[in-house]
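All values below come from the heavy atoms of this structure, side chains included, with hydrogens, waters and symmetry mates left out. Positions are given from 1, in the same order as the sequence printed here. Remember, it's 1-based here, ligands and their atoms both numbered in the order they're listed.
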Amino acid sequence: MFETTSPIDGSFLMNVSRAKAADVDAAVRSAASSAPSWGADGSARATVMRQIANEIRQQARALGTIETLDSGRAIADTAGASVVHSAGLFDYYAGLADKLHGSTVPMGREATALVEREPFGVIAAIAPWNYPLLNAATKIAPIIACGNTLVLKPAEQTPLVTLILARLMQQAGLPDGVVNIVTGFGAEAGAPLVAHPDVGKISFTGSSATGRHIAAEAGRSLKGVVLELGGKSPLVVFEDADLQRAARAAVFSTFMNAGQTCTSCARVLVAHDVLEQFEAHCRAEAASLRVGDPLDPETQIGPIVSVEQLERVRRLTAGVSGEQVAKKEYRPIGGGHFFPPTIVSRFPADSDFAREEIFGPVMAIRSFQSDEEAWSLANDTAYGLAGSVWTSSLHRAEQARRRLQCGIVWINCVHSLSAGTPVSGHKTSGLGIEYGLEAADQYMKVKTTVMMSGAWNSPFATRL
Ligand code: NAI
Ligand code: MG
């Protein structure tokens, strides 16, 4: 067993099973034995998945409370948006489960090709500690809709809500063995799962460093990988933007979930002429953010997930001087892993602070002099997950779409997504796709069958 603790006050929550290779093997065998029957009937899958969505909605309070205790994310989000989106994913992919038709390719008079898509069998999924319920749903829903079974390893920092979800799925009528949860650590449980010979494909969300490692391991056995990795996403504000709305977006994007969001656009680039005005809007907007006990429904920002992550945020911000915002509303709890929301306006361009994913409640503001400089700064990162652009010019909006090197471009909005909008990390932000029909495509193999009604003749018999 290992302990999971609460970042709210550092207290012990529960002992959780610490899976090792033998447990992973048992889970993969369980998934493999359920795969043929689960893969056989799409409408049965759709029925169960809709019921799972209902169970999630009905248990919003319980799911939210457990996630908040384990991860520190504010309960207004965990019992609210998180539950809505997680249930929505099961509904969306339930709608797909009984519509996975193939196609035919005509091949002249006497032959036809049938193109079918079939499940891989067992998929391995590895989830990060941020948004544990939503990330579990993001993996599970498309994978099982396509007729696969899976073994999911939640992160060691936040395993609990996934275990509750497993119970709800069972109550919804999900057959045993379709979804198998192994709790434990990356090296002990994640690595044998990635290496397991009966796993057909791997779906991972987490850091770029671990993503690279998993892709290399998958290369040895030639398994496909879907990787949703880190980001250092820009939020670009032109002088013709609605500055107040843009500031509200920057504040939300930076500070939601205490900055622990892969698509956070906390690298804020502002037109030089409106810099002061924009900063004033940000300060005003951030002043009233409530930071404290995430179990209080009024709280917007809770603690950082773990001591390690808190230390990482401290290390990355050590060299820069920032301004603490939300001073009056900053109410950390003793023993909790709190970091004050901070806005940084001056920092060296080549520092770790400027280059690395911070994953904490810290906004970095920098100005630009021309549109050209705005696009070049926005793209000046190894990552390419998302970008948000604020302008009232159609020309600039169009340029944003063409110029930004990232998988999601938000124009005059931020974090607006639905179950149907595909998200694909460019550059080192990932491989493959989450959400949308495109995500499901990755969890099916293509099989082409050519059938001939006439007599087949050997090409050897042909003479020039
Ligand atoms: P991580 O990428 O190491 O952990 C994510 C998951 O991978 C966890 O379930 C972990 O147990 C598992 N894992 C770790 N090593 C593994 C291995 N060798 N084989 C299989 N599975 C393995 O992330 P970590 O160390 O918790 O966070 C470090 C940094 O990564 C954060 O500060 C943040 O910058 C970034 N991160 C980004 C996320 C995103 O959504 N883009 C999510 C989590 C972390
Ligand atoms: Mg925890």
Show your working on salt bridge (charged side-chain N to carboxylate O under 4.0 Å, His left out) between Asp380 and Arg355 and close with a plain yes or no.
-> CA-CA 9 Å; Asp380 184 20; Arg355 300 248 160 239; 3.4 Å; yes
For Arg117 and Asp441, what are the C-alpha separation, side-chain angles and deciding distance, and is it a salt bridge (charged side-chain N to carboxylate O under 4.0 Å, His left out)?
-> CA-CA 9 Å; Arg117 290 177 295 170; Asp441 270 343; 2.8 Å; yes
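The neighbour count for Arg57 CZ, taken as heavy atoms of other residues, nucleotides or ligands under 6.0 Å away, is above 12. Within 6.0 Å of atom CZ in Arg61, 12 or fewer heavy atoms from other residues, nucleotides or ligands are found, so the atom counts as exposed in its surroundings. Remark: Arg331 CZ is packed, more than 12 non-hydrogen atoms of other residues, nucleotides or ligands lying under 6.0 Å away.
Taking a cut-off of under 4.0 Å to the non-hydrogen atoms of Gly230, the atoms of ligand 1 that pass are 41 (N). Atoms of ligand 1 found under 4.0 Å from any heavy atom of Ala155, numbered from 1 in the order shown, are 9 (O). Atoms of ligand 1 lying under 4.0 Å from at least one heavy atom of Ala191, given by number and element, are 19 (N), 20 (C). Of all atoms in ligand 1, listed by their number and element, those nearer than 4.0 Å to a heavy atom of Trp129 are 24 (P), 26 (O), 27 (O). Interface of Ile214 with ligand 1, defined as ligand atoms under 4.0 Å from a residue heavy atom, comprises 20 (C), 21 (N).
With rounding to the nearest 0.5 angstrom, the CD1 atom of Ile365 is 4.5 Å from the CD atom of Glu279. To the nearest 0.5 angstrom, Thr421 atom OG1 is 12.0 Å from Ile433 atom CD1.
If you run side chain to side chain contact (heavy atoms under 4.5 Å, CB included) between Arg366 and each of Val344, Val270, Leu269, only Leu269 comes through.
Of all protein heavy atoms, the one lying nearest to atom 15 (N) of ligand 1 is Thr210 CG2, 3.5 Å. Closest to atom 38 (C) of ligand 1, if we only count protein heavy atoms, is Phe359 CZ, 3.4 Å. The nearest protein atom to atom 12 (C) of ligand 1, hydrogens excluded, is given as Ile126 CG2, 3.7 Å; this is a heavy-atom distance.
Of all the heavy atoms in Gly10 and Thr5, the pair that sits closest is O-CB, 4.2 Å. For Val178 against Asn148, the heavy-atom pair with the smallest separation is CG1-O, 4.4 Å.
Of the heavy atoms in Leu229, only backbone atoms (N, CA, C, O) come closer than 4.0 Å to ligand 1. No part of Ile358 comes within 4.0 Å of ligand 1, judged by heavy-atom distances. In Glu156, the part holding a heavy atom less than 4.0 Å from any atom of ligand 1 is the side chain. In Gln309, the part holding a heavy atom less than 4.0 Å from any atom of ligand 1 is the side chain.
There is a protein heavy atom less than 4.0 angstrom from atom 34 (O) of ligand 1. Checking atom 25 (O) of ligand 1 against the protein gives no heavy-atom contact under 4.0 Å.
The closest non-hydrogen atom to atom 29 (C) of ligand 1, taken over Ala187, Ser207, Cys262, comes from Ser207. In this comparison of His213, Gln157, Glu188, the heavy atom closest to atom 18 (N) of ligand 1 sits on His213. Taking all heavy atoms of Pro128, Pro132, Ala125 into account, the minimum distance to atom 42 (C) of ligand 1 is reached by Pro128. Nearest residue to atom 6 (C) of ligand 1 from Gly190, Ala127, Gly186 is Ala127 (criterion: closest heavy atom).
Under the 3.5 Å distance criterion, the side-chain polar atoms of Ser253 are left unmatched by any main-chain donor or acceptor of Ser264.
Between Phe204 and ligand 1 there is a heavy-atom distance shorter than 4.0 Å.
Ring pair Phe338/Tyr330 is perpendicular by interplanar angle, where above 60° counts as perpendicular and below 30° as parallel.
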